[in-house]
2 protein chains.
Amino acid sequence: MAGLTAPLLGLEKKSLREQALSALRTAITSGELEPGRHLVETELSDMLQISRGTLREALRQLEQEGLLAAGPRGRLSVRHLDAKEIRDIFAVRAALESLAARSLCELPDRAHVTSSLRSAIEAMAAAAEGSLEGRIESDLEFHRTLCRLTGNETLLHSWESLEGSIRMSIMYAGVERAVSNMSVDRHYDIVRAIESGDATLARQTILEHMDGAAANLVA
Amino acid sequence: MAGLTAPLLGLEKKSLREQALSALRTAITSGELEPGRHLVETELSDMLQISRGTLREALRQLEQEGLLAAGPRGRLSVRHLDAKEIRDIFAVRAALESLAARSLCELPDRAHVTSSLRSAIEAMAAAAEGSLEGRIESDLEFHRTLCRLTGNETLLHSWESLEGSIRMSIMYAGVERAVSNMSVDRHYDIVRAIESGDATLARQTILEHMDGAAANLVA
DNA sequence: AACACGCCAACGGTTGACAGTAGATTGTCA
DNA sequence: TGACAATCTACTGTCAACCGTTGGCGTGTT
């Protein structure tokens with residue numbers, strides 16, 4: 001039959017909790033829920049049309065991702081990032097991604113890796129004329145891919161735990177300022193460094209890339 | 001009054017959820033709940049004397065910490081680590097701690113930092129003749145302190161998210177094997193490197209320390 | 001052996017309730 | 001009027017009981 005509903009591609013049906021999670025994450029990292037905003041469980045469960053219990057599970061996760069801050073008596077509010085925190089987040093991100101770059105350099109067969117990365121960059125190039133959101137999305141996808149290709153699940157997971165904070169930093173610092181650092185060339189530098197197999201160079205390239213990004217954000 | 005129950009020192013009363021979280025974490029990282037063990041919500045909520053809802057919140061968190069693995073249909077089981085995963089975990093840990101070491105080197109006033117670290121090492125030395133658990137505990141405390149002293153909350157948080165996995169690695173590889181790498185000298189090396197202010201040296205020292213630890217664990 | 005049926009375990013999710021508590025509101029009195 | 005006490009309100013923490021689904025398993029039938 002042709003009238004299939006959804007599960008064609010890897011689009012597995014998500015649990016309500018996961019849907020709520022995505023919805024809230026998006027709302028926060030898009031600024032729809034402003035930093036500092038106080039969250040009320042009943043309000044949210046009502047908006048999202050889910051029960052309080054299910055919602056609370058999602059909230060716990062967002063809290064651990066650093067998107068929510070816990071106040072006294074379990075009061076939650078949208079986290080507010082200052083310049084130092086943004087720098088701190090990017091320092092950790094840099095540490096993780098430089099590990100990724102180093103790991104990839106040590107792989108015997110890097111052809112597959114570099115070709116995946118080049119595809120990701122091409123996607124960025126294709127999005128270069130599109131919306132700011134699209135550019136950010138494709139940039140993050142490149143960096144996520146970098147981590148994924150290492151095959152180090154822990155590394156990928158740590159990076160993804162940070163992703164929300166990264167998005168918040170970008171949103172907080174202003175999207176225009178963020179994209180200004182996402183040149184296609186800079187990313188090719190990274191791929192070339194990995195291709196060369198020089199772990200030190202690859203690490204250095206990533207560190208500079210992240211340093212530039214962070215400096216740009218909090219400029 | 002002398003008959004106080006608990007809240008004397010910073011021991012704030014924890015919510016049931018937090019208590020359950022600690023209890024489960026301990027049970028898992030101590031091996032009381034063996035790797036691969038299938039968890040049943042009602043069973044646990046029953047054992048811990050808490051409601052299923054409250055328990056589920058704790059489980060979600062453990063899942064995110066990588067202590068639990070999700071199977072089909074939400075089935076949870078205690079995660080099982082193989083040698084590669086242990087190496088991966090320690091690679092990420094090394095990346096985080098080397099960032100910590102580098103950051104500390106850049107601090108203008110390192111006297112306070114190094115003295116805190118030396119205290120932590122003395123605690124290790126004091127525990128050196130004690131139980132294996134005590135030695136592990138003081139070793140982890142040293143490394144956690146390393147991260148905390150940077151003042152980078154994100155870094156500390158990332159490290160702590162990994163702590164459960166680290167403990168599991170140690171338990172899984174055998175506690176005796178783990179402590180064999182925890183010499184007091186090696187830790188003084190780290191402090192001295194930081195003291196010297198040489199970021200590259202400090203980073204290198206940490207990387208070697210972690211490399212040795214990981215190699216020892218999966219030997 | 002293969003299939004069908006029915007039972008059961010376990011999870012995802014819901015509802016409704018209740019206690020505790022910090023803050024806001026209102027009432028009271030000097 | 002201003003300060004203080006009593007009260008109310010808004011939330012969170014936690015619980016108990018329940019429904020609908022799904023897949024595993026044993027049993028029986030052919």
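Everything numeric here is computed off the predicted structure, so don't read it as measured data.
We find that CD of B:Glu18 is positioned 16 Å from P of D:dT12, with the value rounded to whole Å. What separates CD of B:Glu43 from C1' of C:dC8 is a distance of 15 Å, to the nearest Å. Computed from coordinates, the A:Leu59 CG to D:dG13 C1' distance equals 13 Å when rounded to whole Å. Rounded to an integer number of Å, the gap from B:Leu55 CG to C:dG13 P is 15 Å. The distance from atom CD of B:Glu57 to atom C1' of D:dT12 is 11 Å, rounded to the nearest whole Å. Regarding B:Arg73, its CZ atom lies at a distance of 6 Å from the C1' atom of D:dT22, rounded to whole Å. Taking atom CG of residue B:Leu16 and atom P of nucleotide C:dA19, one finds them 16 Å apart after rounding to whole Å. One atom, CZ of A:Arg75, and another, P of D:dA10, lie 12 Å apart when rounded to the nearest Å.
Under the 4.0 Å criterion applied to side-chain N and carboxylate O atoms, B:Arg144 and B:Glu141 are assigned as salt-bridge partners. Taking the charged nitrogens against the carboxylate oxygens, B:Lys84 and B:Asp88 do have a contact shorter than 4.0 Å, which makes a salt bridge. Between A:Glu106 and A:Arg102 there is no salt bridge, since none of the side-chain N atoms of the basic residue sits less than 4.0 Å from a carboxylate O of the acidic one.
Note on B:Leu76: nothing from the nucleic acid sits closer than 4.0 angstrom, heavy atoms only. Within 4.0 Å of A:Arg56, counting heavy atoms only, lies at least one base atom of the nucleic acid.
Under a cut-off of 6.0 angstrom, the local environment of CD in B:Glu34 is crowded, with over 12 non-hydrogen atoms contributed by other residues, nucleotides or ligands. Heavy-atom contacts from other residues, nucleotides or ligands closer than 6.0 Å to CD of A:Glu32 number 12 or fewer.
Picking from D:dT12, C:dT15, D:dG13 the nucleotide with the shortest atom distance to the side chain of A:Ser51 gives C:dT15.
Within 3.5 Å, no donor on the side chain of B:Arg52 pairs with an acceptor on the base of D:dT14, nor the reverse.
Place A:Pro72 and A:Ile50 on DNA chain C by their nearest nucleotides, and A:Ile50 ends up nearer the 5' end.
The side chain of A:Thr54 places an N or O atom within less than 4.0 Å of a non-bridging phosphate oxygen (OP1 or OP2) of C:dT14.
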